[in-house]
Protein chains: 2
Amino acid sequence: MSLRAAILGFLELEPTTGYTLRQRFAGSVASFWSVTQSQIYRELHGLASEGLVAVSREPGDGKPDRKVYSNTEAGRATLQQWLRAPLEPMQLRHPLLLKFVFASELAPATLDGLLADYAEGLRATLADYQARHDAPEIFTLARSPREAEIWRLSIEHGLAWCRLELDWIDRARERLAASVRRTPARPRAARRKKG
Amino acid sequence: MSLRAAILGFLELEPTTGYTLRQRFAGSVASFWSVTQSQIYRELHGLASEGLVAVSREPGDGKPDRKVYSNTEAGRATLQQWLRAPLEPMQLRHPLLLKFVFASELAPATLDGLLADYAEGLRATLADYQARHDAPEIFTLARSPREAEIWRLSIEHGLAWCRLELDWIDRARERLAASVRRTPARPRAARRKKG
DNA sequence: CTCCCCATGTAACACGTTACATGATTTG
DNA sequence: CAAATCATGTAACGTGTTACATGGGGAG
């Protein structure tokens, strides 16, 4: 349901092709609603067969033909309905946390490395968000200042999220390091002689 | 893959039944890795047929028979392998944000209501996390102080996440309210006379 | 010459969700 | 008497992922 609605939402901004929709997803909502190319084409076919979108085939000059999709009245109605419908709960799929919970028997250094690697990836993502937030060219599709503000806020959500993750990782690493210092008497570490 | 690994992880703490596994999931990792009952049974059958877990059927006195699953050596090896394997990226499915991005044409009050409702639900979730964090009885399965610390940290992640969401919603509501004040000349609002 | 961009799609598979079915025992 | 708890499971469906296939044009 949400995928269809999002497609209708993008088409409401500007009628376009499946290919371009993929890019729109990647460039805006991907961080909280990821989709693949296959999903988009599949859903577009479904939407078309139910009369929620209309297709116009435009011959591509040299390039492949483009199929430009646009919302029908029924499509617009469906979008409006979705906007007013009750929200489903959010959900998270967080492989790091899952692994973390079962990782107590890993060597402290291994676990720490896992967290460190993850943090590095996050810093890249953060920079990405920052760039998108500061770049005005992304907002060219916005239909109003209100819409631009909404989009800015959605990017800020991503920024805040990255910072939270980074902070949490720092805290986790510190606390785990501290707990190792408190219980250093692991068999393997017993080699080192006392001063 | 992650589901199997998590099941092996729980069985490593204590051999148990599918039914109980469901409760363990619900009581600990559900906020970042939700599963349904069907998934668990399906996966247990798979794990058993591949020899990663062993089953012992215990006759239930009146109650249905219990099938107690425990890890085999192969299962333990698979778990260890997973713990050391590279992490898949986290992903979020956030219906509120998705709707938010396409909601600029909704009446400001409707959108604000959507955010407010969501915040209310979050406050309940937050209280839930707080309770779990403060209750020591959840940590009885922990095999070491280190493991308890890890579990505490995972709950703190949930707490931090809820607070982030609530903060973001406050900020979003304020900013949107401010932008309405700045552009109050909507056709519908034009009825009110000045001074 | 190779790779990337544009643009379409399909097939198979993996994973997740909903709803149903059974049945004794305990609790309100 | 109704509802929840313990405990198993299946069937159908819906959604998401991976990999493949096609094919011209432009850039390095």
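Residue numbers start from 1 in every chain, and the chains themselves are labelled A, B, ... in the order their sequence lines are given, proteins ahead of strands.
- Relative to the side chain of B:R42, the nucleotides C:dA19, C:dC15, D:dT17 differ in distance, and C:dC15 lies closest.
- Side-chain atoms of B:S38 and base atoms of D:dT10 include a donor and an acceptor less than 3.5 Å apart.
- Under a 4.0 Å N-O distance rule, the pair A:E58/A:K67 does not qualify as a salt bridge.
- Ion pairing of A:E105 with B:R146 is absent here, as no side-chain N (NZ or NE/NH1/NH2) approaches a carboxylate O to less than 4.0 Å.
- Among the protein residues, A:T36 comes within range of the nucleic acid bases, having at least one heavy atom under 4.0 Å from a base atom.
- For A:Q91 and C:dT17, the shortest distance from a side-chain N or O to OP1 or OP2 is below 4.0 Å.
- Across all strands, B:E88 comes closer than 4.0 Å to no nucleic acid atom at all (heavy-atom distances).
- Of the charged side-chain nitrogens involved, none lies within less than 4.0 Å of a carboxylate oxygen, so that B:R152 and B:E147 do not count as a salt-bridged pair.
- Listed candidates were D:dA7, C:dG16, C:dT8. Nearest to the side chain of B:L3 is C:dG16.
- Straight-line distance from the CG atom of A:L47 to the C1' atom of D:dG14: 15 Å, rounded to whole Å.
- A salt bridge links A:R4 with A:E50: at least one charged nitrogen is closer than 4.0 Å to a carboxylate oxygen.
- Set against D:dA19, C:dT17, D:dG9, the side chain of B:Q37 has D:dG9 as its closest nucleotide.
- In this entry the distance linking OH of B:Y41 with P of C:dT22 reads 17 Å, nearest Å.
- Scanning atom types as modelled, no donor and acceptor separated by under 3.5 angstrom connect the side chain of B:R93 and the base of C:dG16.
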